[in-house]
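Treat the numbers as computed from the prediction; the structure is a model and nothing was measured. Sequence positions, counted from 1, serve as the residue numbers for this chain.
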Amino acid sequence: MKLLVISDSHRNTDHIKYAAAQAKPDIVLHLGDCVGDACELQRYLPDTPVYMVLGNNDYRPGIPNEILLTQENVRIYMTHGHIYRVKAGLQILIEKARQQKADIALFGHTHAALLRQADGIWLMNPGQMMRHDEYFPATYGIIAIENGNFKCDIASLF
C-alpha cells in the first residue's frame, strides 16, 4: 500500500495532481492549508480515499484538526501542526503522537520537508506544494506499508 502525503498546497492543484500522477497512491493524506485542493484531488482521483485535516488557513466545517488513521496495523497521526506550535519545536507534537500510540506523526505548516525519528516515532513533514524553484522545492511524502512494516520517504516534485 502506498500513501501520498502532501501539505501546504495553497491552491496549486496542478502540483498535487502531478504528485499523484507520479506516486500512483492507494490513499492520499493532505495536511492542511487549502483543503479545498484536497477536495479537488478527490474529484480527480474518485477511486482513491483522501483524508484531510485543517490548516491554519482553512475554514471548512466538518473537517477535523487531527486524524488518527490505522493502515495494516501502522498508526498514523495527522495534523497541520500549528496547534502544536511546530515552528517553535516538535516536542509538543511528539508528546501528542506518543499519547496516540502513533508509529508516524505527520505535520506541515513550516513548509520545510523533514523526515526523522524521535522517541521511537517517525516524524514527517512533506514540505510544501505551492511553488517550485531552485531555492524552494516542491516536495511530498511517500509512506509504503506492507505486512505491518512501513518506510517513509520525501520526494521532489520535479
Task: Electrostatic pair Arg98:Asp119 at N-O distance under 4.0 angstrom - done: yes
Task: Any side-chain heavy-atom pair of Pro25 and Leu3 under 4.5 Å - done: no
Open item on the list: I need the minimum non-hydrogen distance between Ser9 and Ile16, along with the two atoms involved.
Closed with: CB-CG2, 3.7 Å
Open item on the list: Quick check: closest heavy atoms across Gln42 and Val50, and the distance to 0.1 Å?
Closed with: NE2-O, 3.6 Å
- [ ] Indicate yes or no for a side-chain donor-acceptor contact from Asp33 to the backbone of His10 under 3.5 Å, with no hydrogens or angles considered.
- [x] no
Open item on the list: I'd like to know if the side chain of Asp133 reaches the main chain of Tyr135, judged simply by a donor and an acceptor atom lying under 3.5 Å from each other, with no hydrogens or angles considered.
Closed with: yes
Task: ILVMFWY network linking Met124 to Leu69, side-chain heavy atoms under 4.5 angstrom - done: yes
Open item on the list: Between Ile143 and Lys151, is the side-chain contact (heavy atoms from CB on, under 4.5 Å) condition met? List the steps.
Closed with: CA-CA 6 Å; Ile143 302 171; Lys151 183 175 189 249; over 6 Å; no
- [ ] With the side chain counted from C-beta on, respond yes when Asn65 and His80 share a heavy-atom pair under 4.5 Å apart, and no when they do not.
- [x] no
Open item on the list: As a test of understanding, state which of Leu106, Asp103, Leu93 forms a side-chain contact (heavy atoms from CB on, under 4.5 Å) with Tyr77.
Closed with: Leu93
Task: Side chains of Thr139 and Gln128 in contact at under 4.5 Å (non-hydrogen atoms) - done: no
Task: From CA spacing to verdict: side-chain contact (heavy atoms from CB on, under 4.5 Å), Glu66, Gln100 - done: CA-CA 11 Å; Glu66 54 194 359; Gln100 298 291 318; 5.9 Å; no
Open item on the list: Let's go through Ser7 and Asn125 carefully: what are the C-alpha distance in whole Å and the side-chain angles of both, what is the deciding distance for side-chain hydrogen bond (donor to acceptor under 3.5 Å, both in side chains) to 0.1 Å, and is it a yes or a no?
Closed with: CA-CA 8 Å; Ser7 189; Asn125 181 330; 5.4 Å; no
Open item on the list: I'd like to know if the side chain of Asp153 and the backbone of Ile142 have a donor-acceptor N/O pair within less than 3.5 Å.
Closed with: no
TODO: Report yes if some heavy atom in the side chain of Leu115 is under 4.5 Å from a heavy atom in the side chain of Cys152; otherwise report no.
DONE: yes
Task: Test log, rule side-chain contact (heavy atoms from CB on, under 4.5 Å), inputs Ile104 and Val74 - done: CA-CA 8 Å; Ile104 305 168; Val74 176; 3.9 Å; yes
Task: His132 side chain vs Pro137 backbone, donor-acceptor pair below 3.5 Å - done: no
Task: Asp26 side-chain N/O to Lys2 backbone N/O, donor-acceptor pair under 3.5 Å - done: yes
Open item on the list: I want to check something: taking the side chain as every heavy atom from C-beta on, are Phe107 and Leu90 in contact at a cut-off of under 4.5 Å?
Closed with: yes
Task: Met52 side chain near Pro64 side chain, heavy-atom distance below 4.5 Å - done: no
Task: Verdict with supporting geometry, Leu157 and Tyr140, side-chain contact (heavy atoms from CB on, under 4.5 Å) - done: CA-CA 7 Å; Leu157 191 60; Tyr140 58 91; 4.2 Å; yes
- [ ] Kindly assign one of parallel, tilted or perpendicular to the pair His109 and His82, based on the angle between their ring planes and the thresholds 30° and 60°.
- [x] tilted
TODO: Compare every heavy atom of Gln22 with every heavy atom of Ser156, then report the nearest pair and how far apart it is.
DONE: O-OE1, 4.0 Å
